[in-house]
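Lettering follows sequence order; numbering is per chain, from 1.
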Amino acid sequence: MRRPTFSRPTLEAKLLTFILKRMLFAIPTLIAVSIVAFIIIQLPPGDYLSTLMADLASQGGAVEEGTVAALRERFGLDQPIYVQYWKWVSNIVLYGDFGISFELNRPVTDVIWGRLGFSFLLAILTLCFVWAVAVPIGIISAVRQYSITDYGVTFFAFFMLAVPDFLLALVSMYVLSTYFGQSVGGLFSPQFADAPWSLARVGDFLAHVWLPVFVIGIGSLAALVRIMRANLLDELHRPYVTTARAKGMSELELLLRYPVRMALNPLISTLGWILPAVVSGEIIVSVVMSLPTTGPLLLRALLSQDMYLAGSLILLISVLTIIGTLISDVLLAIADPRIRLQ
Amino acid sequence: MTTDPQLQPVLKVRNLAVQFPTRTGVVKAVDDVSFDLYRGKTLCVVGESGSGKSVSARSVLQIVDRPGRITNGSMELTRPDGSVVDLAKLDPRGKQIRAIRGREIAMIFQEPMSSLSPIHRIGEQIGETLRIHFGTPKDERRTRVIELLKQVEIPNPEKAIDRYTFEFSGGMRQRVMIAMALACNPSLLIADEPTTALDVTTQAEILALIKKLQAEYGMAVLFITHDMGVVAEIADEVLVMYRGKVMERGPVEQIFHAPQADYTRMLIGSVLKLESKAEIRLKREPEAIAPELLLDVRNLSLTFPGGLKAVNDVSLTVSPAKRSVLSARAVRARPRWDVVSCVFTIRSKAPPISAARTARSSTSALPRARN
């Protein structure tokens, strides 16, 4: 039996071409971003050495002009900017060498990798915490609209949105150390900070990590509750809900299978945004709580004009932004067939 | 009325009242409505929008949107095993009414696009009813869904089962809805304006399909519509509603040929009026001057890259004196809109000649439409 077949490509094939196309488009964006990143870190007058000289001078020391010139030549700082850029980029592409950090006198890759792991871990833990708490609360808030619960949640959400997170960090650290005698700040107690991984170290990590997770997450948690509530309220009275009800589906199954599933779609597309936030997010909280993440590193590199370190971090943020956006698009395409077909 | 004493009504509704308490007072959406539904017979509930016809239908399944609630009356459903249950007394969120929804009474809705989920495959949505009521395993469900899709005459059911609603045309979507309603072989089908959102040709197809399936399944059908044409097509009995009240009830012949209520006469009269010219226009002399053409389309063709001929050799003129309605009696496509978008594309591009060449037509955009 021969039937006419649809000649259109399948959804999966469309998804694959979509991803490939997006990856191709990412290349020129990356090149442009690397140029802009390099220009931006060169924008402040002077360079690392002049900052260093100024620091030394303010401490009463003095360096001979000849030494400065020699150092400048050694680091290649006397060359025109495009030559510096080309050296930097070609080393990254060819050898994976991001240059050295002047201030720490170590390769940039070493400096970044050590902190990136904790940054990722912290970001993912925070994300899990936020979603696990915010989505159910948002659902309850929407289903029981204008109830006491809804008003309570709404008040709490707006309150938490209004509290600056560094303030929350300071207050919670003060309360914990004064009244509960806990060691706060960092992700480890002093005795575990440089110890090799062990079960005790994991336990110590967990005892420390919940506070930064809470402080960093609470703002986005409050926002997510409100977004989830608004999205769900839009969906709750759609005709397809009535259809499902007319099928004899139970209210809970119906809620989770149809309106909640639809309300989550726009949120799924924000999942990819956490990637760039891993590197640059929550700098102030990280400084306040002395977390070993990349945020404070970026801040210090920018202040001291440690240009290869700052440039590499900015480049990393850009790359993660592009990857994150791609991940968002792909997730959304998987979640919503309407996107896939366009 | 049906006189066969053997025939027990499937559903006996007596003195049904549904109210919506609002800030400004209580709205009586349905006020003292009674009717009977018999196997194999169709009852049309007809009335203008806001007459309470849709709310009556929804209250049978207890799915009236809040704050509406049934305040009075009984709805006795005779179940296949002979037992009788009063639907009005059941808890709207309870297990008992859920066992009836979709299983014994199924419903189809006006807008198949928004009434179906856009992110679930249609096979999933149809098979769901089977899972809820019979716990049918997955592969068996698939077989049954394909069978259902065949029954509602959807081409290529083996492929269609894995498609999404937005990949179908309006008529096909309504067929999906019907397949979903039929999944559990219900004894009563409630159709809430199922053809209103469809164009005339598709409407006729859907009506014919419902009729055919009604005969096959021996269902009672409660059909809600505001369209007297549809009533004439499908009804055995008619219930005319106005502002929540029953104006008239009787066999379809009586409603059309010997209407008792003034309101019914008015309703039928308004349909007739639409078909004839307005009185004032009838009295007027026809305009003598040769009308200047606004738009003169000759031999317009539009071919999509895939080779699909959407518009093939269409010629038409639009003059200011007459109102031209572009209608095409073609099934399952949108040639009318393609003609319109063709014409507008040509008008918006300069110079018009080059655009006209690509469309292989000689459309001349004449002076601007005077509004």
Side-chain angles (χ1 to χ4, degrees), chain A residues 1-12 14-15 142-147 231 233-269 331-342, chain B residues 57-58 60-66 92-121 124-126 128-133 155-160 162-167 177 180-181 183-184 186 190 192 306-307:
Chain A
M1 215 166 51
R2 196 179 287 168
R3 287 174 180 281
T5 48
F6 291 96
S7 58
R8 313 185 250 188
T10 59
L11 291 179
E12 287 67 30
K14 278 205 164 179
L15 192 60
V143 174
R144 305 246 176 282
Q145 195 189 8
Y146 303 138
S147 67
N231 284 355
L233 282 176
D234 278 347
E235 299 294 332
L236 274 182
H237 301 287
R238 290 283 163 91
Y240 64 79
V241 178
T242 313
T243 309
R245 192 170 286 139
K247 281 181 194 170
M249 198 180 270
S250 75
E251 288 295 315
L252 183 68
E253 188 190 353
L254 178 135
L255 180 73
L256 296 180
R257 197 175 279 268
Y258 291 100
V260 167
R261 176 71 181 66
M262 297 282 265
L264 280 177
N265 271 357
L267 294 180
I268 288 173
S269 65
L331 283 177
L332 194 60
I334 290 170
D336 194 336
R338 287 169 293 183
I339 310 282
R340 242 175 293 168
L341 278 179
Q342 274 164 14
Chain B
R58 277 159 199 248
V60 172
L61 279 179
Q62 293 261 28
I63 51 170
V64 182
D65 285 331
R66 272 187 293 182
R93 300 173 78 95
K95 249 198 166 113
Q96 277 179 297
I97 189 76
R98 287 212 312 266
I100 289 167
R101 288 178 191 157
R103 167 73 188 86
E104 282 165 49
I105 305 176
M107 189 156 178
I108 53 181
F109 298 90
Q110 179 174 348
E111 295 272 357
M113 184 62 188
S114 51
S115 298
L116 290 168
S117 159
I119 57 172
H120 295 87
R121 294 170 198 274
E124 225 174 292
Q125 297 188 61
I126 299 171
E128 205 166 48
T129 329
L130 293 166
R131 181 179 54 76
I132 295 168
H133 294 288
N156 253 322
E158 291 85 358
K159 284 229 165 76
D162 291 322
R163 300 203 163 267
Y164 295 92
T165 50
F166 54 85
E167 297 180 80
M177 273 302 267
M180 196 154 90
C184 291
I190 301 175
D192 188 359

(message) Using heavy-atom distances under 4.5 Å, tell me whether Q110(B) contacts chain A through its side chain, its backbone, both, or neither.
(response) neither
(request) Could you check which of R131(B), Q62(B), M177(B) has the highest count of heavy-atom pairs closer than 4.5 Å to chain A? (result) R131(B)
(request) Count the heavy atoms of every other residue, nucleotide or ligand shown that sit under 6.0 Å from CD of Q145(A), and state whether that count exceeds 12. (result) yes
(message) Can you give me the closest heavy-atom contact between S117(B) and Y240(A), atom names plus distance?
(response) N-CB, 4.0 Å
(request) With chain B as the partner chain, list the residues of residues 259-269 of chain A whose heavy atoms fall under 4.5 Å from it, by residue number, and write 'none' if nothing qualifies. (result) R261(A), M262(A), N265(A)
(message) For a quick test of reading the model, state the closest non-hydrogen atom pair linking P239(A) to S115(B) and the distance between them.
(response) CB-OG, 3.6 Å
(request) Using a cut-off of under 4.5 Å on heavy-atom pairs, state which of H237(A), R238(A), E253(A) scores highest against chain B. (result) E253(A)
(message) Is M180(B) close to chain A through its backbone or its side chain, or both, or neither, when contacts mean heavy atoms under 4.5 Å?
(response) side chain
(request) Tabulate, in ascending numerical order, the residues of residues 242-251 of chain A having at least one heavy atom closer than 4.5 Å to a heavy atom of chain B, or enter 'none'. (result) T242(A), T243(A), R245(A), A246(A), K247(A), G248(A), M249(A), S250(A), E251(A)
(request) Starting at CD of E124(B), measure out to CZ of R257(A) and round the result to the nearest 0.5 Å. (result) 7.0 Å
(request) Using the test side-chain contact (heavy atoms from CB on, under 4.5 Å), find all partners of E104(B) that sit at least two apart in sequence or belong to another chain. (result) L77(B), R79(B), P80(B), I100(B), S187(B)
(request) Mind ranking I108(B), I132(B), D65(B) by heavy-atom pairs under 4.5 Å with chain A and telling me who comes out on top? (result) I132(B)
(message) Please rank R103(B), M113(B), Q125(B), E111(B) by heavy-atom pairs under 4.5 Å with chain A and give me the top one.
(response) Q125(B)
(message) Using the ring pair (Phe, Tyr, Trp, His ring centres under 6.0 Å) criterion, which residues pair with H133(B)? Sequence neighbours excluded.
(response) none
(request) Against chain A, label L61(B) side chain, backbone, both or neither, depending on which of its atoms sit under 4.5 Å from a heavy atom there. (result) side chain
(message) If you count heavy-atom pairs within less than 4.5 Å of chain A, which of M107(B), R58(B), R93(B), K95(B) leads?
(response) R93(B)
